2 protein chains.
Amino acid sequence: MARVGLTTERLVRAGAELADEIGFEQVTASELARRFDVKVASLYSHVKNSQDLKTRIALFALAELADRAADAVAGRAGKDALTAFAHAYRDYGREHPGRAAAARLRLDPETAAASAGVRHAQMTRAILRGYDLAEPDQTHAVRLLGSVFHGYVSLETAGGFSHSAPDSEETWTRILDALDALLRNWPAPPTP
Amino acid sequence: MARVGLTTERLVRAGAELADEIGFEQVTASELARRFDVKVASLYSHVKNSQDLKTRIALFALAELADRAADAVAGRAGKDALTAFAHAYRDYGREHPGRAAAARLRLDPETAAASAGVRHAQMTRAILRGYDLAEPDQTHAVRLLGSVFHGYVSLETAGGFSHSAPDSEETWTRILDALDALLRNWPAPPTP
DNA sequence: CCCATTTGCCTAAACGCTTTAGGCAAATGC
DNA sequence: GCATTTGCCTAAAGCGTTTAGGCAAATGGG
């Protein structure tokens, strides 16, 4: 019997591509086995189970996105860095909707702590160094930016902004203008 | 054989409760049948299939959340309305994580157009009437608010903000302060 | 009140995905 | 060249989905 040369790595990469083609939810060990022209049981030497496969795809996507975002911000600061970072997120979601969905998979705390997710947070903090935010406002801002990026890409992928004017591209740049303005002028906590 | 009195309505409500207990992803026709102490096939007289069931739960959650949000904003305007609306979203996500996840289910365009999702958008626009935003900025702002609410609740549910200071409650109010300030001072498009 | 019709839940069965156990053959290395 | 390891296999069990067809409980007209 010919050996195909399965590895965890190859399965994960193929799983990521499959996610972009048919949607992350639809990625299944069976479908993946079909792609490799291999019996399903053969995958179980390389991944623990179906959940493990999905988690690995998620980690792969998180790392890939972090690499892209890091490339995008390299050598930039201030609004320049913010928009480059933001566009990296949105572009990834548009080019690789399945991987982006994978990157939104809920991970258990230890897995998340060991994932590229922490690089995402660190990069966001680095970008905020271009603005004048002391703690705890910096953390609030990190969470705001994470929410906006996560939420926007998610809604856009769901088709929420298509078929209506203005187009999503324009909204995205205007939202970034707005966020830049907000970060430059972050309001002090109200004194009650 | 005793009749249990299944209806589509009862299945959907029970499905929503089940979602809060075990997670929306885990809601399955089989599990629902078990809860009603009924054979799985019996459900298929009331829902077309598993996808139909999930979609109905999603529509139920969207409508319930829209009702709550409408209650919350009733009689309020400006920042008051904004924060009441936002808290309705976040509270729903915390009280009913499964239903909130259901409300984020991707719907096909026609279903979405006939859902309470349009009420959500209308309410957001109504709140923005308390701010001075002309089109297309109003649409940009609607999309920003949708992204923030959607994203924040999603990340919070995933545990993204737990076990780290400051606590999520504080971040949420400070984000709303920031959004209020931003909406009162929405930047004009840069003139290139 | 009885009988016909409708309705609700059932059994049976097929199909697909997941997962484990155990086997054989190809690759590896001494 | 042979022993060991490794990789993919077959087999089988378990569970969720879905359809087809059946029987009994509810419903309602005469």
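Here is how names work: the chains are called A, B, and so on, in the same order as the sequence lines, proteins then strands, and each is numbered from 1. This is a predicted model, so every value here is computed, not measured.
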Through what angle, rounded to 10 degrees, does the axis of the helix from C:dC1-D:dG30 to C:dC30-D:dG1 turn between its ends, using five pairs per end?
10°
Using only side-chain N and O atoms of B:S42, determine if any of them is under 4.0 Å from OP1 or OP2 of C:dC10.
yes
Side chain of B:Y44: nearest nucleotide among C:dT18, D:dT18, C:dC9?
D:dT18
Interatomic distance, A:E25 CD vs C:dC17 C1' [rounded to whole Å]:
15 Å
Could you tell me the separation between the CG atom of B:D52 and the C1' atom of D:dG16, rounded to a whole number of Å?
17 Å
Distance check needed: C:dC17 P versus A:I22 CD1, whole Å only.
10 Å
Gap between atoms NZ and C1', on A:K39 and D:dC8 respectively (whole Å)
11 Å
So, OP1 or OP2 of D:dC15: does either fall under 4.0 Å of a side-chain N or O from B:T28?
no
Short side-chain N/O contact from B:R3 to OP1 or OP2 of C:dC10, under 4.0 Å:
no
Spacing between A:H46 atom NE2 and C:dT20 atom P, to the nearest angstrom:
15 Å
OP1 or OP2 of D:dG7 versus the side-chain N and O atoms of A:S45: is any pair under 4.0 Å?
no
So, A:F149 versus A:H120, ring centres under 6.0 angstrom or not?
no
Could you state the CD-C1' distance from B:E31 to D:dG16, rounded to the nearest angstrom?
11 Å
Would you say C:dT18 has OP1 or OP2 under 4.0 Å from some side-chain N or O of A:S30?
yes
In whole Å, I'd like the distance from the CZ atom of A:R35 to the P atom of C:dC17.
13 Å
Within this structure, what is the CG-to-P distance between B:L11 and C:dG8, rounded to whole angstrom?
12 Å
Choose from C:dC9, C:dC17, D:dT17 the nucleotide whose nearest atom is closest to any side-chain atom of B:S50.
D:dT17
Going from CG on B:L6 to CZ on B:F36, what distance comes out if it is rounded to the nearest 0.5 angstrom?
6.0 Å
Sorted by chain and number, sequence neighbours left out, salt bridge (Lys or Arg N to Asp or Glu O under 4.0 Å) with B:D67 holds for B:R119
Spatial distance of atom OG (A:S147) from atom CH2 (B:W172) [nearest 0.5 Å]
7.0 Å
Ignoring the backbone of B:A41, work out which of D:dG16, D:dC9, D:dT19 is nearest its side chain.
D:dT19
With a 4.0 Å cut-off, would you call A:E21 and A:R35 a salt bridge?
yes
Does a donor on one side chain and an acceptor on the other come within less than 3.5 Å for B:T171 and A:H140?
yes
B:D108 atom CG, neighbour heavy-atom count above 12 within 6.0 Å:
yes
